[in-house]
Amino acid sequence: MRTETPPTIRLEEYRPSDHLIDSVDLDVRLAPRETRITAVFALRPNPAGEPGAPLVLDGDDLTLLALDLDGQTLPPDAYAASSFGLTLHRPPQRPFTLRIETQVDPTANTKLMGLYRSNGVYCTQCEADGFRRITYFLDRPDVMSVYTTRIEADRGEAPVLLGNGNPIETGEAGHGRHYAVWHDPHPKPAYLFALVGGRLDTVATRFTTMEGRAVEVAVSVEPGKGSRAGYALDAVIRSMRWDEAVFGRAYDLDVFNVVAVSDFNMGAMENKGLNIFNDKYVLASPETATDQDYANIETIIAHEYFHNWSGNRVTCRDWFQLCLKEGLTVFRDQEFSSDMRSRAVHRIGEVRTLRARQFPEDAGPLAHPVRPRAYAEINNFYTATVYEKGAEIVRMLRTLLGEAAFRTGMDRYYADNDGRAATVEDFLDAFARASGRDLTAFAQWYERPGTPRIAVEGRYDAAERTYALNFRQSLPGGGPPLVIPCALGLVGSSGTLAGAVCPQVRDGVFVLETASAAITFAEVPEAPVPSLFRGFSAPVRTEMSLSDAERLALLRHDADPFNRWQSAQSIGMRILVERAGARAPESDDAGPAAQDFAGALAAFLDTEALADPAFAALVLGLPGEGDVANEIGAEIDPDAIHRARQTLRRHLGRALASRLSGLRGDLADVPGAPFSPDAAAAGRRALRNAALDLIAAADPVVGADLARAQLDGATNMTDRLAALGVLSLIPGEAREAALAAFGERYADEPLVLDKWFAIQAAIPEEDTLERIARLRQHPAFSMTNPNRVRALIGSFGLTNPTQFARTDGAGFALLAETVEMLDRSNPQIAAKLLTTFGSWRMLEPARSSKAGEILARIRAIPGLSRDVADIAARTFAG
Ligand code: TRP
Ligand code: ZN
């Protein structure tokens, strides 16, 4: 056990490694409890390092079996070894070879970092610092090596053996064992190392790259699940084609493997040539996967594949640069998914995620810059800020430079940094040189935490036919202004006022670079409504006092679909915030604003719902309870928000009832038609189910009947789960019977049971805690499987605000107990769960004091992992 408190690592203290490792030869003999790894490293002093420095190799939970240098056993005083590191006091000042034998226990590895077993399948996870749990190493991303890996295992236990790069040899090893040798010609950091050994079913196909390389593409899954791997395989092929067409990037090995495992800490991992996935993001069939699952698979398959260039060919110098690969790769997967589906619908989804996850993070105690300056535990920085806000920065860069210069900049970035471990400065430099622009001020986006607020005022001068807009930006932490691209236009009584001109607006974008700025449009024939931050062109909060009538004009006429959706959201939000702030009781009278809103939605549905059902479903969706809480920002009462939302949903459901049931009929499936997971079919299901949800909010009796019928007749998981979700909110026998039947039907489908766990954890009722306690005893539940824990406990914290933040503290206590229990087995997951406390100080005093007590109790637990101790300390302090 380590006892000393771990040091904080700081960006400004970065120094190159004193040594380099040019090649790594591994011989891994897989066995359930005693896996032996022989590693041979070609080392040399780094010319950029300090001459004569000791060689300090990282280790974590290793047993050292043997060690020699250039074939010689080292005398005991030449080195110091523990399970957490290996130091050579006086390494040679010339190239030399180090041979290290270690032993690990993959079966006992519950952290799911390093080499572990998932349902009997051997697999690895090395990012960020898991390779040191396999052998001693310079485990930092700027040390890049060429790897050759021999994997040996019992043939019965592990007939499939996969590694990075290309397969070069296979053979018998005696005693029922066999081996495979893999060679990866591309130098890489240790975090991209991977191997897999197990019984797996494989589906495969061929892809020929634009450079003429024939690639064997394969997806391997648990035996018997091969029929659910086809969608993922197709998504790989579409990703390969897209990166060639859009970014000119081709794949660079002869094989590309994707493997799905059921125990995995995050979504997936981009190991070179061997992506390893959480099976939730690979397996899909109409019977088990929702439309959201299909969309997630498509996006995450693309994300990991795209890392081959943005992450692997060009990697990160150090972990402070994490956004260099993650923000950029999220941007790339967003663009891919937008091209595969509806761009507008996808953009709205991206922004909803950003607002639901990143905005609260940026407003709470865990706020940090997209490029953090210090960390105690890097695994706690795989955050919405690094990923999602990081992607928004790349998007703003494209908006500022324009499509063509952006693409030239990307090409330059790849050309200049291929095979290197790069920094954010290298990234921006490529764009500065490609465009001739000075990006120094823009670079501040990487450094400043917090969501900027942009206050805007508009004034129309009828005599002069001018419209003036005043912008003022303010950052939570103060400081110099940011460079903020605002895509905008003016909307009149019958659409965008195309004739209005403004010298500061180029290609529809005004760039706000100063603390405040005023711009004036000329040739404005009527009082306009401004459509600001079209497409959500910057990750900011906009404050402008528009009337509901003006917002409805945008919903009706704006050319920008994002702002059409936004205007409906803003009206809904204003009504909800007002009711919640007044602590209004749940009632049948939602007020006059809600009546006008319902009228506008009715008109919208009549003219547009059938033309774009996916978009219409989004317009009908009110801001979530979490969104309303974030908007209120202080003294939050989750019960008041819940009541406000119930009232408005009921009102809309009643006002729109006949239209909603009409739409359900119009959008019904043709009987016997085959299932398609594509965007158009998914959009029809989305609107049908949004309609069902509102109908049930207005009339639970009718809603329950419709939901039960849908549950019985459904031919796919999207419709079945939507019906179950509606029923889950209507207390009574019908709900309990439906839940029980669903649980039995999918008793052998863990990924489907996760949906069932999550639906029940979200029920906003007093006895949900008892329900969760019962479900924890369910045979399919397991504290060691991250998907199960996230489904039952994680989603409770994220989707059930009234019960999580109960005034008696019992909801907080449930999360805290789970964190404490998990901290011993899987600290990464424990720490992630604890982040649900992030907004505790914004709660009204009775609740926040309970949360504070419980956080203090967690902090006092002796022997906490670094992961949990770090989150607890920052959450409590903030
Ligand atoms: N780099 C992975 C991605 O594509 C995520 C990742 C980082 C990860 N660390 C991990 C996955 C640990 C699993 C476990 O975003
Ligand atoms: Zn990633």
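Residue indices begin at 1 and follow the sequence shown. Everything numeric in this text was worked out from a predicted model, so none of it was measured. All ligand and atom numbering here is 1-based and tracks the order in the structure.
Ring pair F331/F406 is perpendicular by interplanar angle, where above 60° counts as perpendicular and below 30° as parallel. Using a 30° and 60° split on the angle between ring planes, Y147 and F137 fall in the tilted class, from 30° to 60°.
In terms of polar-atom proximity, E304 is counted as a contact of ligand 1, with an N or O under 3.5 Å from an N or O of the ligand. For N379, no nitrogen or oxygen atom sits less than 3.5 Å from a nitrogen or oxygen atom of ligand 1, counting backbone and side chain alike.
Numbered from 1 in the order shown, with element, the atoms of ligand 1 that lie under 4.0 Å from a heavy atom of F264 read 11 (C), 13 (C). For ligand 1, the atoms sitting less than 4.0 Å from at least one non-hydrogen atom of E270 are 1 (N), 2 (C), 3 (C), 4 (O), numbered in the order shown with element in parentheses. Contact atoms of ligand 1 toward K325: 1 (N) (distance under 4.0 Å to a heavy atom of the residue). Numbered from 1 in the order shown, with element, the atoms of ligand 1 that lie under 4.0 Å from a heavy atom of A268 read 2 (C), 3 (C), 4 (O), 5 (C), 11 (C). Remark: ligand 1 atoms within the under-4.0 Å shell around heavy atoms of H303 are 3 (C), 4 (O), 15 (O). The distance from ligand 1 to the heavy atoms of M269 drops below 4.0 Å at these ligand atoms: 1 (N), 2 (C).
The N, O or S atom of E326 with the smallest distance to the Zn ion (ligand 2) is OE1.
For the pair NE2 of H307 and NE2 of H303, the angle at the Zn ion (ligand 2) is about 100°; rounding is to 10 degrees.
Taking the side chain to side chain donor-acceptor pair (under 3.5 Å) definition, one finds that D754 meets it with R788, sequence neighbours left out. Residues satisfying the side chain to side chain donor-acceptor pair (under 3.5 Å) criterion with E127, sequence neighbours excluded, are K325, Y382.
If you check the side chains of R347 and S338, you find no donor sitting under 3.5 Å from an acceptor. A donor and an acceptor atom, one from each side chain of K272 and N308, are located under 3.5 Å apart. Using a 3.5 Å distance cut-off with no hydrogens or angles, the side chains of D293 and Y281 do not pair a donor with an acceptor.
Counting only heavy atoms from C-beta outward, the side chains of T124 and I134 approach each other to under 4.5 Å.
Protein heavy atom nearest atom 9 (N) of ligand 1, with residue, atom name and distance: M266 CE, 3.3 Å. Closest to atom 15 (O) of ligand 1 among all protein heavy atoms lies Y387 OH, 2.5 Å. Nearest protein heavy-atom contact of atom 7 (C) of ligand 1 is Y382 CE2, 3.2 Å.
Between E749 and K755 there is no salt bridge, since no side-chain nitrogen of the basic residue lies less than 4.0 Å from a carboxylate oxygen of the acidic one.
In this comparison of Q125, E127, M113, the heavy atom closest to atom 1 (N) of ligand 1 sits on E127.
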